[in-house]
Protein chains: 2
Amino acid sequence: MNQVFNELDLAALLSLSFSTLINELHDRLSKLGYGDIKPAHGFMFKRIIPNGATGMELAEHLGITKQAVSKMVDYLEKSGYVIRQTHPTDKRGKIIVLTEQGWLVVKAKEEILTEIEQRWIEIIGAERMQMLKEVLTKLVYVANEGTLSSRLRPVW
Amino acid sequence: MNQVFNELDLAALLSLSFSTLINELHDRLSKLGYGDIKPAHGFMFKRIIPNGATGMELAEHLGITKQAVSKMVDYLEKSGYVIRQTHPTDKRGKIIVLTEQGWLVVKAKEEILTEIEQRWIEIIGAERMQMLKEVLTKLVYVANEGTLSSRLRPVW
DNA sequence: TTTTGTAGTCAATCAAGTTGACTATATTGC
DNA sequence: GCAATATAGTCAACTTGATTGACTACAAAA
């Protein structure tokens, strides 16, 4: 533990552990040829799975405007990861769904995250990893009670 | 634990716990009249303390370019939180130091973070908080061995 | 069936970063 | 000791990912 790390407070620890994880994830996605997938897209994919989602749903999920979502979808559609389908019952709306290529990215992402988590387990032990997740889940849950979804935007 | 939270993976947990912390911090700083302090500034202040820092040092610490640092310093200097002083030995350089008002923000920030951490301790217990910090410190340390400072940019 | 609300897009703007070019000063090498 | 090279900081132009505002097409409520 050198000097840089001794004075890290809780905010810095959470931020740095998150960046560490997400940097490795996207370095490795890049090497697999998914360099056009940016950190911001991961959480969007999660909401699209498994049955698609409307732009408004994605906007709420991500905590950004529908216009910003529309631009992200433009980008991902152009790159071939998602497509806009006409909404079955609402002619105003569209549903954004994953293409086959989109599913490949999601699968690659899951595998890499599992691998990183496995490596982290070797560092701290399985029980501590289990506890880490439980503790963070509880904190996120309790600390946001009442203020849900609007403030809960994962920025990465 | 409602449905939103059941499927959060490690990346989401780290991201959301960090956002939760940082959102409350800046909401409260805002209410104290420090609405012009943005999340990005916190980590910069930490490097300026206690004896000031040059632009290059801040750039390396934050993982952004010196030009970006220069702009941030413009902003913070205009708002009265820091000043540029001539460097004692290098006439090319300047040292950025906190003003009295800058110290007030730092103090307020520390107090609020301590309070939030205290509240979190009431939720999960002191031992678990202790362990949370130990585990995250170890992960950040081990997972970044060799790749230091360049990749370690806390984005908030 | 008229009025009001909602989903999505287009356009202009903003904020925070980038790259490139420049000035002034330091450092190095012959 | 001086010429060549490197470094700290700033200015300007551009990029990216968001925002707000205006609009169209359709849906839901009065």
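Residue numbers start from 1 in every chain, and the chains themselves are labelled A, B, ... in the order their sequence lines are given, proteins ahead of strands.
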Under 3.5 Å, which donor-acceptor pairs link side chains of residues 126-133 of chain B to any protein atom two or more places apart or in another chain?
residue	atom	partner	partner atom	Å
B:Gln130	NE2	B:Glu134	OE2	2.9
B:Lys133	NZ	B:Glu117	OE2	2.6

Under the salt bridge (charged side-chain N to carboxylate O under 4.0 Å, His left out) test, residues paired with A:Glu115 that sit two or more places apart = A:Arg28
How many Å lie between NE2 on B:His87 and P on C:dT25, as a whole number?
-> 15 Å
So which protein N/O to nucleotides 9-15 of chain C N/O distances come out below 3.5 Å?
residue	atom	partner	partner atom	Å
C:dT9	OP1	A:Arg84	NE	2.9
C:dT9	OP1	A:Lys94	NZ	3.1
C:dT9	OP2	A:Ser70	OG	2.7
C:dT9	OP2	A:Arg84	NH2	3.4

Without placing hydrogens or testing angles, list every side-chain donor-acceptor pair under 3.5 Å for residues 93-103 of chain A, not counting sequence neighbours.
residue	atom	partner	partner atom	Å
A:Thr99	OG1	A:Gly80	O	2.6
A:Thr99	OG1	A:Tyr81	O	3.1
A:Thr99	OG1	A:Gln101	N	3.4
A:Thr99	OG1	A:Gly102	N	3.1

Protein-nucleotides 27-30 of chain D N/O pairs closer than 3.5 Å?
residue	atom	partner	partner atom	Å
D:dA27	OP1	A:Lys91	N	3.0

Path from A:Val82 to A:Met56 over hydrophobic side-chain contacts below 4.5 Å | no
Interface residues of residues 30-37 of chain A with DNA chain D (non-hydrogen, below 4.0 angstrom) = none
What pairs with B:Lys46 under side chain to side chain donor-acceptor pair (under 3.5 Å), at least two apart in sequence or on another chain?
-> A:Asp9
Kindly write out the residues that satisfy side-chain contact (heavy atoms from CB on, under 4.5 Å) with A:Leu104, not counting sequence neighbours, or none if the list is empty.
-> A:Tyr34
Is the shortest heavy-atom distance from the side chain of B:Leu139 to the side chain of A:Thr20 under 4.5 Å?
-> no
Figure out the CD/P separation between A:Glu57 and C:dT6, and round it to whole Å.
-> 15 Å
Residue set satisfying side-chain contact (heavy atoms from CB on, under 4.5 Å) with A:Ser30, at least two apart, ordered chain then number -> none
Atom CE of B:Met56 and atom C1' of C:dA26 are separated, to the nearest Å, by 14 Å
Can you find a heavy atom in the side chain of A:Leu25 that is under 4.5 Å from one in the side chain of A:Lys109?
-> yes
Compare all side-chain heavy atoms of A:Leu14 with those of A:Leu136 and state whether any distance is below 4.5 angstrom.
-> yes
Nearest non-hydrogen partners of B:Leu32 and B:Ala108, listed with the distance | CD1-CB, 4.2 Å
With sequence neighbours excluded, tell me which residues meet salt bridge (charged side-chain N to carboxylate O under 4.0 Å, His left out) with B:Asp74.
-> B:Arg84
D:dT19 OP1/OP2 closer than 4.0 Å to side-chain N/O of A:Thr65 | yes
Set of residues satisfying side-chain contact (heavy atoms from CB on, under 4.5 Å) with respect to B:Arg119, sequence neighbours excluded = B:Glu24, B:Ile116
A:Ile95 CD1 - C:dA7 P separation (whole Å) = 14 Å
Would you kindly give the CD1-to-P distance between B:Ile64 and D:dT15, to the nearest whole Å?
-> 20 Å
Which angle, to the nearest 10 degrees, lies between the helix axes at the two ends of the helix from C:dT1-D:dA30 to C:dC30-D:dG1, each defined by five pairs?
-> 20°
